[in-house]
Participant: 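Encoded as structure tokens, here's the structure I'll be asking about.
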Amino acid sequence: MKTSNHIVIMAGGIGSRFWPISTSDCPKQFIDVLGCGKSLLQLTLERFGNMFPKENVWIVTSAAYADMVMEQLPDVPKENILLEPCRRNTAPCIAYAAWKIKKKDPNANMVVTPSDHFVQDVTEFRRVIESSLKFVSDSDAILTLGIKPTRPETGYGYIEAVLGTSSLANKEVYRVDSFKEKPDIDVAKAYIARNNFYWNSGIFIWNVQTIVNAFRVYQSPIANIFESILPVMYTEQEQSVIDEKFPDCRNISVDYAILERAEEVFVFPVDFGWSDLGTWMSLYDRSPRDLNGNSMIGCNVEFSDSHNCIVHAKENKRIVLIGINDCIVAEHDGNLLVCKMSEEGRIKEFTDK
């Protein structure tokens with residue numbers, strides 16, 4: 001059976017937790033959060049290198065973000081940018097891409113990844129992806145990447161693995177025992193004390209037949225919607241039918257919809273310097289710091305008697321921090337945020353004002 005490999009990048013989230021530099025009009029995946037001259041979306045595709053031909057690259061995003069995707073990823077064919085008329089979480093997003101790919105390439109393998117994560121060791125990342133694709137091409141397995149935890153983190157879901165025996169097909173892959181919700185700090189510490197718990201990366205690898213069949217078994221209403229859309233896929237009517245029927249999909253994550261219910265679910269424990277960059281603190285943890293623990297994204301920032309701060313200012317205004325500790329300072333589009341790191345959770349109170 002001849003197979004080919006496809007990459008699906010989910011880029012429809014509102015990603016407003018990096019206010020003021022990200023908003024619902026321009027979420028974090030489209031922003032140069034790291035100050036490297038490229039958006040997180042561009043970095044996501046770049047880290048896969050030449051593993052996928054451009055015709056096998058798919059972006060699923062909101063219709064409102066279509067122009068930004070085309071501007072930032074001009075080499076991706078326009079017809080491979082799948083537009084959701086509304087947000088329905090990751091299960092309908094993945095189902096849309098799966099049915100679309102299956103019609104074109106019935107034996108394809110799929111990598112599904114968020115568009116707003118960070119990976120430090122790209123070489124190891126590519127090795128893991130290549131190994132994962134080979135694994136799923138020879139099995140009916142659903143595979144997810146589990147990040148080896150470095151701390152008791154309450155912001156991530158966890159994967160409990162059965163480490164006694166690895167898969168016969170790949171010694172680095174293990175069967176999943178269970179998925180755990182984001183824990184409180186005491187539970188997170190208990191997970192870390194055991195060696196078989198991993199952060200849930202939200203990166204999945206499977207054969208398209210496997211995931212389509214899983215939707216048919218565990219989420220038949222969603223499967224039925226895309227079966228009904230299948231005849232018009234790759235025609236001029238596709239978008240109008242998607243606009244009409246996609247809102248009928250249940251709003252549910254693929255974790256709840258499929259992974260927590262399916263039988264053949266495996267985890268590949270990995271360590272390639274991953275972060276979901278979900279908060280200013282996570283960005284701080286991944287940013288270079290000076291001897292006083294300060295991180296600066298921008299070129300006109302000065303620190304004096306200040307410690308453990310992160311400043312994101314790319315609009316060339318001079319910013320000086322004097323006697324400031326443990327703070328977030330960010331400026332964008334006329335908005336200025338000054339916030340104690342311990343109060344980061346309150347930022348969302350102000351994002352829509």
Side-chain angles (χ1 to χ4, degrees), residues 4-15 18 22 26-34 36 38-85 87-102 104-105 108-119 122 125-126 128-130 132-133 136 142-145 147 200-208 211 233 242 246 253-255 258 270 272 274-278:
S4 60
N5 299 324
H6 294 246
I7 173 72
V8 176
I9 300 176
M10 300 180 290
I14 58 173
F18 274 101
S22 78
C26 188
K28 65 173 179 174
Q29 61 266 31
F30 301 109
I31 293 173
D32 178 14
V33 172
L34 297 169
C36 64
K38 297 178 181 178
S39 72
L40 294 178
L41 173 63
Q42 291 170 316
L43 292 173
T44 297
L45 182 55
E46 183 180 89
R47 76 174 59 107
F48 288 93
N50 297 319
M51 296 177 67
F52 305 92
K54 63 181 181 180
E55 62 270 18
N56 288 2
V57 175
W58 302 85
I59 314 296
V60 188
T61 190
S62 165
Y65 306 148
D67 289 344
M68 283 189 286
V69 172
M70 288 186 284
E71 179 183 351
Q72 294 192 7
L73 301 179
D75 292 336
V76 174
K78 184 178 180 180
E79 59 270 23
N80 285 25
I81 301 172
L82 308 184
L83 303 180
E84 301 172 317
R87 298 179 68 230
R88 285 294 182 268
N89 216 313
T90 55
C93 164
I94 289 169
Y96 183 12
W99 259 264
K100 182 93 172 181
I101 291 169
K102 184 176 180 294
K104 176 183 180 181
D105 194 353
N109 300 316
M110 292 172 59
V111 177
V112 179
T113 180
S115 59
D116 53 2
H117 291 182
F118 169 81
V119 169
V122 173
F125 174 82
R126 292 176 184 172
V128 167
I129 295 298
E130 289 175 354
S132 299
L133 285 165
V136 301
I142 290 172
L143 182 62
T144 183
L145 303 188
I147 309 299
N200 189 345
S201 69
I203 301 172
F204 311 110
I205 306 95
W206 44 51
N207 184 271
V208 69
I211 193 61
M233 285 184 174
I242 284 288
F246 190 89
S253 72
V254 74
D255 302 71
I258 303 295
V270 298
F272 41 57
W274 172 92
S275 172
D276 76 342
L277 292 183

Participant: Working to the nearest 0.5 angstrom, can you tell me the gap between Phe18 CZ and Lys28 NZ?
Facilitator: 5.5 Å
Participant: For a quick test of reading the model, state the closest non-hydrogen atom pair linking Met10 to Ser115 and the distance between them.
Facilitator: O-OG, 3.0 Å
Participant: Rounded at 0.5 Å granularity, tell me how far CD in Glu79 sits from CE in Met233.
Facilitator: 14.5 Å
Participant: Ile203 and Pro114: which non-hydrogen atoms are nearest, and at how many Å?
Facilitator: CG1-CD, 4.1 Å
Participant: OG/Ser201 to CD1/Ile147 distance, rounded to the nearest 0.5 angstrom?
Facilitator: 4.5 Å
Participant: In the structure I gave you, are the side-chain heavy atoms of Thr113 and Ile7 within less than 4.5 Å of one another anywhere?
Facilitator: yes
Participant: Show which side-chain atoms of residues 50-61 pair as donor or acceptor with protein atoms under 3.5 Å away, not counting sequence neighbours.
Facilitator:
{"unit_1": "Asn56", "atom_1": "ND2", "unit_2": "Asn5", "atom_2": "O", "d": "3.0"}
{"unit_1": "Trp58", "atom_1": "NE1", "unit_2": "His6", "atom_2": "ND1", "d": "3.0"}
{"unit_1": "Thr61", "atom_1": "OG1", "unit_2": "Ala11", "atom_2": "O", "d": "2.8"}

Participant: Which pair of non-hydrogen atoms, one from Ser132 and one from Leu145, has the smallest distance, and what is that distance?
Facilitator: OG-CD2, 3.9 Å
Participant: Check each of Val8, Leu133, Val136, Leu143 against Val111 using the side-chain contact (heavy atoms from CB on, under 4.5 Å) test, and report the only one that passes.
Facilitator: Leu133
Participant: Taking only residues two or more places apart in sequence or in another chain, which ones pass salt bridge (Lys or Arg N to Asp or Glu O under 4.0 Å) with Glu46?
Facilitator: Lys38
Participant: Show the nearest heavy-atom pair for residues Gly202 and Asn200, with the distance to one decimal.
Facilitator: N-OD1, 3.1 Å
Participant: So, for Leu83 and Ser62, which heavy atoms are closest and what is the spacing to 0.1 Å?
Facilitator: CD2-O, 4.1 Å
Participant: Taking all non-hydrogen atoms of both residues into account, name the closest pair between Ala108 and Asn207 and its distance.
Facilitator: O-ND2, 3.1 Å
Participant: Applying side-chain contact (heavy atoms from CB on, under 4.5 Å), run through Ile94 and Trp206 and close with a yes or a no.
Facilitator: CA-CA 11 Å; Ile94 289 169; Trp206 44 51; 3.6 Å; yes
Participant: Show every salt bridge (charged side-chain N to carboxylate O under 4.0 Å, His left out) that has at least one partner inside residues 58-73, sequence neighbours left out.
Facilitator: none
Participant: Once you round to the nearest 0.5 Å, how far does SG of Cys93 lie from CD1 of Ile9?
Facilitator: 11.0 Å
Participant: Quick one: pull up OH in Tyr96 and CZ in Arg88 and give me the separation to the nearest 0.5 Å.
Facilitator: 15.0 Å
Participant: Is there a side-chain contact between Leu41 and Leu45 (heavy atoms, below 4.5 Å)?
Facilitator: no
Participant: Report the C-alpha distance between Thr44 and His117 in whole Å, list the side-chain angles of each, state the deciding distance to 0.1 Å, and finish with yes or no for side-chain contact (heavy atoms from CB on, under 4.5 Å).
Facilitator: CA-CA 7 Å; Thr44 297; His117 291 182; 5.9 Å; no
Participant: Taking atom CG of Leu43 and atom CG of Asp116, what is their separation to the nearest 0.5 Å?
Facilitator: 11.5 Å
